[in-house]
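Below: the structure, in structure tokens.
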Amino acid sequence: MFSVLDMFKIGVGPSSSHTVGPMVAAHAFVSSMRDSDLIDRTARVKVTLYGSLSLTGLGHGTDRAVMAGLEGNVPATVDTQHMLRIRETCALDDTLNLAGVRRIGFDYDRDMVFDRWRRMAAHPNGMRFQAFDDDGNLVDEQVWYSIGGGFIRRGAPDDLMIGIHDKPPEGTSFADRDEGSSTDFGPDAPYPFSSGSELVALCREHHLSIAELVWANETATRSAVQVRADIDTVWRVMRECVDHGCTSAEQSLPGGLDVPRRAPRMYERLASNSDVLKRGRSRRDAVLESSDAAWVNLFALAVSEENAGGGRIVTAPTNGSAGIIPAVLHYYWHFMDDANEEGVVTFLLTAGAIGYLFKRNASISGAEVGCQGEVGSACSMAAAGLAAVLGGTPEQVENAAEIGIEHNLGLTCDPVGGLVQIPCIERNAMAANTAINAVRMAMLGDGSHIVTLDQAIETMRETGEDMMAKYKETSKGGLAVNVVEC
Ligand code: SF4
């Protein structure tokens, strides 16, 4: 059963689809082997990464994430420092601690395969796990997909494989989804919905806000105490992430591009000059430093730099776009006089509901639909959350969410060097401010508008389908080829 809080998973940087998902998949593989008593028979494990995972996996740390998952780690609790060193640690004696209980041979060059010429037809982020015994006999083989936002789906060893640039034959892709009413929430949820229009209609019919409706669904199967605790954890990790990003002592980000960490210096400057006009400073300084937008930029950069550095992160709804919702939520927290914890709950439940619509009816995976699915979805979610805490009606919230995605349609994914740094980090800051601007427009209207959120989401799905493969997290187009790596 789906929870809208699944849109906010505690994970590690730098990528939800290329780091978090693969670690979860590797963990699922060893868990199923353990359940089938296959761990003791295993002498070696081989992992093959396909499609986008093979093309940008090194920059995204997919190999390290998979190794950590094979050792039995999960994203919410893995030691991020251990993850950064795991490849070197295993190389010391060419072994890996399978499921944390059995040391097996693991020769990185032989057992971690990046197949850059093929992809699985079902999804661009496919991976194959194979376990062998001492004699080289196959003990187990599983295919898994990382389908965006840290979500995974199990496939079959004989799933169709195609060339890296081939279009999947009709009916073979996960993107070919069924239409119809949602049962994703389970039979006990009082208000299941599968579209924005259904969501707003339910709110109207039952005189509920979007957050109240989602709360009723969430607490139908789990205790209110548990749901509240989960939301509080998400908010705590978001706050810690902003704090770490603002105070990091690291000068630059890993990966070889030598991208500087900007948030710490920006924080120092903004914090010391927060009242620039009153102290008689120039208008130029006022433009640069005194506006709320400068702080929103800072919050987004802080989180995105933590993500790029492999730190603890909340996927929201992905890692690449993880700076947008915390930035807008911190804007609410620090700039609204009446901000409180209840408002944070309202914000996250509302944003989660909108994120669910993107995940269900289009995609939140850059490898599937480009950056519009990551940054566009996050912008829309953040706009909805802010409109909700400002007292927006369900129609105004839907309007804000629609504006948030409409102006991100067509956004491609072209990370330089396969790293979640350029253009990703600044893009989070831009989208956070776009979300706030979307709220300004929506809240000054009455909620009526021409393009619906459902139409914008469907447009995003179709645009993603038509987008050339090189603009979908392959680092084979756009900035990734026009910016020369030193
Ligand atoms: S360009 Fe967008 S979709 Fe691609 S890795 Fe960066 S944030 Fe994610």
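Each ligand, and each atom within it, is numbered from 1 in the order the structure gives.
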Using the six-membered ring wherever Trp is involved, compare the ring planes of Trp235 and Trp333 and label them parallel, tilted or perpendicular (cut-offs 30° and 60°).
perpendicular

Which protein non-hydrogen atom lies closest to atom 8 (Fe) of ligand 1, naming both residue and atom, and how far is it?
Glu374 OE1, 2.8 Å

Between Lys46 and Glu141, does any side-chain N to carboxylate O distance fall below 4.0 Å?
no

Lys/Arg N to Asp/Glu carboxylate O, Glu426 vs Arg262, below 4.0 Å
yes

Nearest heavy atom to atom 5 (S) of ligand 1 wins, so pick from Ser304, Gly376, Ser17, Cys424.
Cys424

Geometric cation-pi criterion Arg128 and Tyr50, 6.0 Å radius, 45° cone
no

Provide, to 0.1 Å, the distance between atom 2 (Fe) of ligand 1 and the closest protein heavy atom, together with that atom's residue and name.
Cys371 SG, 2.3 Å

Identity of the nearest option to atom 1 (S) of ligand 1, non-hydrogen atoms only, from Arg427, Glu368, Gln372:
Arg427

Can you tell which of Leu409, Thr412, Thr459, Ile364 makes a side-chain contact (heavy atoms from CB on, under 4.5 Å) with Gln372?
Leu409

When you measure from atom 4 (Fe) of ligand 1 to every protein heavy atom, which one gives the shortest distance, and what is it?
Cys413 SG, 2.3 Å

